[in-house]
Amino acid sequence: MTPQVLVSHPFGNPNAYQAARGLHLRGSLAGFATCIYAPWGTSLRSDELLPKGAVRTGGWREGIRVMLANSGVLSRTGRSVGMIDWVARAHDVRVARQLTRRTDAVWGYEDFAAHSFERAKALGIGTIYDLPTVHHMEARRIYEREVEADPSLARFLSPDLEPEHRIRRKEAELELADVVVCASTFVKGAFTKRGWPASRLKVLPYGVSARAVRPASRREPGPLRLLYAGAIGPHKGIHHLFQALCDVPEKAFHLTLAGAWVPGFREWVARRFRTPFHSTGRLPAAGLSAEYEQADVLVFPALRDGFGLVLVEAMAHGVPAIASTSCAAPDLVRDGIEGLIVPPSNPVRIREAIETLLDRPQLAPAMSDAAYQLSRRLTWESYQRQVVELSHEVADGGRTLVHAAAPRH
């Protein structure tokens, strides 16, 4: 009999939908539990290959949160940690109450799985914990390092620190997980440093939609066109990028930042650096795709990013990357072939990577071709296959083989 796996995510995200899709296509989806699915008949929060009959919803709390988030006056309240927790905890409790022994495994996500995992353990159901970001203790270590170097960054970074009740919940979820799915080797490394056995850790890289793939572009004469995409704040290493560009002639590059600024950080940057840049704000998919098509290289100097989906999106457009080791770049990019790998928090190495592309104008087009070719293998279909294989391993009894007590901290 084909194992049945429940995927649970209150808000839905690309990898959650892709996990559910892959299990559905293999006849292994017991259900996709979320708050809102295809509201008012729209294509939002939905998946074109995931039938509504397979989806379990319960979203009145999320409906209230979304209305507040889009209200303008109360938007900050709707996006607050407290409001998100209010929605997520109710979702998790609802999923726990709905679990039966007809389900063989639960695929849950960080912050949304404590109650459902506890119920799953009581029923002898396997538990798979999807962790798209770095371990909370590693995030704190990175925060402390940056603030020690520049205390003025504390007001931007401190909101990212987890409150005590969230830390307790994360630790409970991790202890109940049979397998922790890590978005990258960077995420996995934070666990192995803390004594976790490799048998409880599995790296599953994300993918890119085939329809987003475009032919590789060619380097045109003129300034090196640098693109950053994502949230614009110190946790992404933006201040180190600006520091690096201080020593590069202004006429040699054109920097575009696509994304929303962390409140107050743009002003912080402006007071310290005179580096010219163009900021587009947050872009829809089509707008970001147009920016990829104009770029020579993606710069992604993240201090901590569980994966960095923009890396594979850029590669699918033939855009190589200058990226830090604190994301999935070392898993995806061969240094000097599909891009250039730099240490985090290191403006000197970022500058040297940019200067390498300026000094060797033939290198960017070569890396563009290599990045495009590699992206053809970084598909969501490949991710789906790995999700199904791991789910079946856990559901078929693999959990009795892989589970070992997690170290307590």
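Remark: E355 engages R351 in a salt bridge (Lys or Arg N to Asp or Glu O under 4.0 Å) (not counting sequence neighbours). F300 meets the ring pair (Phe, Tyr, Trp, His ring centres under 6.0 Å) test with no other residue; sequence neighbours excluded. Here F265 pairs with F156, W268 under the ring pair (Phe, Tyr, Trp, His ring centres under 6.0 Å) rule; sequence neighbours left out. Remark: D150 engages no residue in a salt bridge (Lys or Arg N to Asp or Glu O under 4.0 Å) (not counting sequence neighbours). R89 meets the salt bridge (Lys or Arg N to Asp or Glu O under 4.0 Å) test with no other residue; sequence neighbours excluded. Considering only residues two or more places apart in sequence or on other chains, F11 meets the ring pair (Phe, Tyr, Trp, His ring centres under 6.0 Å) condition with F112. Applying the side-chain hydrogen bond (donor to acceptor under 3.5 Å, both in side chains) test to S116 and every residue at least two apart in sequence or in another chain returns D92. Remark: R141 pairs with E138 by the side-chain hydrogen bond (donor to acceptor under 3.5 Å, both in side chains) rule, at least two apart or across chains. Checked against side-chain hydrogen bond (donor to acceptor under 3.5 Å, both in side chains), H136 has the following partners two or more places apart in sequence or in another chain: E171. Taking the salt bridge (Lys or Arg N to Asp or Glu O under 4.0 Å) definition, one finds that K170 meets it with E110, D111, E162, sequence neighbours left out.
Sorted by first then second residue, the ring-ring contact (aromatic ring centres under 6.0 Å, His included) pairs that include residues 74-105, not counting sequence neighbours, are W60-W86.
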Could you pull out all donor-acceptor pairs under 3.5 Å where a side-chain atom in residues 339-350 meets a protein atom, sequence neighbours excluded?
| residue | atom | partner | partner atom | Å |
| --- | --- | --- | --- | --- |
| S345 | OG | R145 | NH2 | 3.0 |
| S345 | OG | E146 | OE2 | 2.6 |
| N346 | OD1 | V348 | N | 3.4 |
| N346 | OD1 | R349 | N | 3.0 |

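Annotation: side chain of Y129 is not in contact with side chain of V179 (no heavy-atom distance under 4.5 Å).
By the 30° and 60° cut-offs, the orientation of the rings of H135 relative to F191 is perpendicular.
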